[in-house]
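A short worksheet on the structure shown next.
Just so it is clear, the model here is predicted, and its values are computed rather than measured. Side chains are part of it too, since the values below use all heavy atoms of this structure and drop only hydrogens, waters and symmetry mates. This chain uses plain numbering: 1 for the first residue, then up along the sequence.
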Amino acid sequence: MTQVQLQQLQKQLWNIANTLRGKMGADEFRDYILGFIFFKYLSEKAVNFANELLDGEDIGFLALDENNAEHVPYIEEIKKNAIEEVGYALTPKQLFHTLAERGRKGDFILDDLAETLKAIEQSTLGSDSADDFANLFEDLDLNSTKLGNTASDRNELVAKVLSHLDDIDFDISNTESDVLGDAYEYLIGEFASGAGKKAGEFYTPQTVSTLLAKIVTQGKTRLRSLYDPTCGSGSLLLRVKREVQDVDMIYGQEMNRTTYNLARMNMILHDVHFAKFDIKQEDTLIRPQHLDKRFDAVVANPPFSAKWSADPLFLQDERFAAYGKLAPSSKADMAFVQHMLHQLDEHGTMAVVLPHGVLFRGSSEGMIRQYLIEQLNVIDTIIGLPANIFYGTSIPTCILVLKKNREHKDNILFIDASNEFEKQKNQNKLLPEHLDNIIGAFENRQNIEKYAHVATLKEVKENDFNLNIPRYVDTFEAEDEIDLNAIAQALQALEVETQKTDAVISDFCKELGIASPFAEVK
């Protein structure tokens with residue numbers, strides 16, 4: 001599929017999504033349309049898998065009839081294999097296309113659709129994929145009055161949406177491209193742009209995700225493990241996966257239930273096998289779910305300056321104990337840094353997006369920052385990003401890059417990329433050339449006038465471990481010098497011309513017999 005065709009598909013999906021808008025907010029009709037697209041994907045994947053098993057037989061999966069005794073053994077065998085291989089099972093009557101066709105004919109399909117979505121989840125019970133499919137469709141409330149005041153109205157709307165989606169070929173059998181994955185990411189981004197502050201809960205702009213991904217995969221073609229403690233929709237994890245040939249295992253944690261469901265759907269829809277990801281729903285700082293593991297790459301875009309308990313009991317927690325101080329309850333930024341560093345493998349790289357305050361705020365945050373630099377020596381690079389590039393906030397942000405075994409142990413690299421953006425409507429955007437500049441500076445690690453500075457640890461210590469980027473990268477632009485003598489001469493010449501003009505006007509006034517405005521007042 002060409003880029004133009006992909007853009008047409010994305011526009012088509014967005015138009016279908018808007019069919020559902022009605023009385024719903026962006027985050028609400030997002031859950032419906034993405035859920036329906038995901039169901040279509042599961043159906044098409046089930047059909048492809050079943051037809052591979054039936055290769056050589058005289059019948060295809062869609063033609064199998066559960067009421068035909070001769071067909072039942074085929075259906076049961078396909079179900080058994082499907083649960084083991086793809087993690088779930090569907091029967092022919094439960095397929096997206098089957099329900100969409102019935103909806104086109106005017107049948108009432110809401111009850112059967114609800115039962116089918118529940119059946120997908122139940123088909124995994126007792127299997128290795130059970131956790132990945134449990135309650136996956138719980139946000140698709142088909143009885144919600146937001147879909148229509150009556151059951152008939154709701155059925156008509158849902159049938160219309162399914163019918164439109166059924167007409168689209170997602171080409172999921174094409175292993176050379178990820179058309180549906182790209183379209184899904186596009187929709188998530190579109191919903192984020194309209195979700196205001198809520199967008200930050202589930203989505204990191206693609207260009208920022210790409211930057212983080214390139215940083216943590218630098219010099220690597222494969223990752224044994226990848227982790228995001230605040231994974232949102234999972235888009236950042238998937239972006240890192242794209243930067244390498246393979247990731248053995250993906251781990252994530254997300255506090256918001258709806259977003260957690262979206263992350264699991266996103267993984268499956270991008271063809272990440274259920275055995276190769278483990279995403280949990282819990283508060284990462286309070287109840288971390290993967291604390292016994294260490295990861296090759298750790299990435300995150302945590303909620304900026306979120307509140308947390310900062311309970312003194314956390315001083316006994318292995319993640320925070322060595323620092324002797326906790327991040328303040330009003331700002332959990334440093335707590336996320338400490339947590340991520342604890343989970344980082346000895347030879348791994350972590351990159352986290354944070355507000356600029358973490359670079360210079362004092363009190364407990366200052367003490368934690370000093371410990372990270374002076375005692376652990378893990379801060380490798382600080383990258384200043386432009387303001388207004390994230391959904392829901394206009395504040396400038398930075399990226400902290402940390403490594404436990406740093407190649408450059410005697411310095412910290414500072415990059416000021418705050419002017420690397422293109423203004424687009426109400427938001428700034430990093431372009432590919434901006435990313436190239438940042439990654440180039442990160443890899444070359446050299447002083448670049450008004451852009452990058454390699455600061456010695458001695459220099460950082462002399463600045464009282466304050467990492468505020470302007471202390472290290474001087475972006476001051478001196479104004480052109482003003483020639484006061486030239487200005488004085490120009491004013492004198494202007495005064496001469498003014499006097500000549502005044503004299504001409506006075507002569508006209510004399511001829512007209514009126515008082516000159518320039519006559520001296522006696």
Side-chain angles (χ1 to χ4, degrees), residues 192 199-218 223 225-241 243 247 249-256 259-260 262-263 266-267 277-291 293-308 319-320 327 331-345 348-359 365 368 372 378-383 385 389-393 395 397-404:
E201 296 175 6
F202 67 88
Y203 191 69
T204 303
Q206 276 196 14
T207 49
V208 179
S209 292
T210 300
L211 178 56
L212 293 169
K214 288 183 179 295
I215 288 171
V216 298
T217 59
Q218 184 192 27
L223 295 174
S225 57
L226 167 63
Y227 174 60
D228 183 344
T230 58
C231 68
S233 65
S235 299
L236 177 51
L237 288 169
L238 290 166
R239 187 61 51 176
V240 177
K241 182 179 180 294
E243 289 296 321
V247 178
M249 192 68 188
I250 295 174
Y251 297 87
Q253 190 164 334
E254 171 56 40
M255 184 168 64
N256 181 282
T259 310
Y260 159 68
L262 182 57
N266 211 2
M267 289 291 144
F277 74 88
D278 180 15
I279 295 178
K280 303 292 187 185
Q281 192 242 329
E282 267 295 359
D283 185 319
T284 295
L285 296 180
I286 307 301
R287 284 176 288 277
Q289 298 295 298
H290 305 103
L291 207 54
K293 294 178 172 59
R294 300 296 177 266
F295 307 106
D296 282 356
V298 181
V299 289
N301 173 22
F304 300 148
S305 299
K307 292 180 172 58
W308 77 305
R319 296 171 293 171
F320 312 113
K331 297 177 181 65
D333 305 310
M334 274 299 187
F336 281 112
V337 172
Q338 291 168 294
H339 169 84
M340 293 171 67
L341 181 63
H342 180 76
Q343 304 255 221
L344 185 65
D345 183 78
T349 302
M350 79 174 245
V352 54
V353 182
L354 296 165
H356 270 272
V358 299
L359 302 178
E365 289 180 285
I368 293 169
L372 290 169
V378 291
I379 298 182
D380 183 80
T381 303
I382 309 289
I383 303 171
L385 297 177
I389 59 171
F390 286 89
Y391 298 111
T393 180
I395 65 169
T397 53
C398 63
I399 294 174
L400 265 62
V401 182
L402 276 67
K403 301 178 181 180
K404 289 183 177 177

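Here the shortest heavy-atom pairing between Pro302 and Leu354 reads CG-CD2, 4.4 Å. When all heavy atoms of His339 and Pro288 are compared, the pair lying nearest together is CE1-CB, 3.8 Å. Summarising the geometry of Val337 relative to Met350, their closest heavy-atom pair is O-CE, 4.0 Å, with the distance given to 0.1 Å. Summarising the geometry of Ala351 relative to Ile215, their closest heavy-atom pair is CB-CG2, 4.2 Å, with the distance given to 0.1 Å. Scanning all heavy atoms of the two residues, the minimum distance from Lys404 to His342 falls at NZ-O, 3.8 Å. Minimum heavy-atom separation, Ala263 to Cys231: CB-SG, 4.4 Å.
The side chain to side chain contact (heavy atoms under 4.5 Å, CB included) test with Asn301 singles out one residue from Thr230, Ile399, Thr204, and that residue is Thr204. A side chain to side chain contact (heavy atoms under 4.5 Å, CB included) with Pro229 is found for one member of Val352, Val299, Thr284, Leu285 and no other, namely Thr284.
Asp296 contributes no side-chain N or O that, together with a main-chain N or O of Leu223, makes up a donor-acceptor pair within less than 3.5 Å. Using modelled atom types, no side-chain atom of Glu365 and backbone atom of Met334 make a donor-acceptor pair closer than 3.5 Å. Judged by distance alone, the side chain of Gln343 and the main-chain N or O of Arg294 form no donor-acceptor pair under 3.5 Å. Checked by atom type and distance alone, the side chain of Asp333 pairs as donor or acceptor with a backbone atom of Ser305 at under 3.5 Å.
Contact check for His290 versus Phe295: side-chain heavy atoms found under the 4.5 Å cut-off. The closest side-chain heavy-atom distance from Val216 to Val298 is not below 4.5 Å.
In this structure, SG in Cys398 is found 7.5 Å from CG in Leu385, a value given to the nearest 0.5 Å. Annotation: the span from His356 atom NE2 to Ile395 atom CD1 amounts to 8.5 Å, rounded to 0.5 Å. One finds the OG atom of Ser225 at 10.0 Å from the CE atom of Met249 (value rounded to the nearest 0.5 Å).
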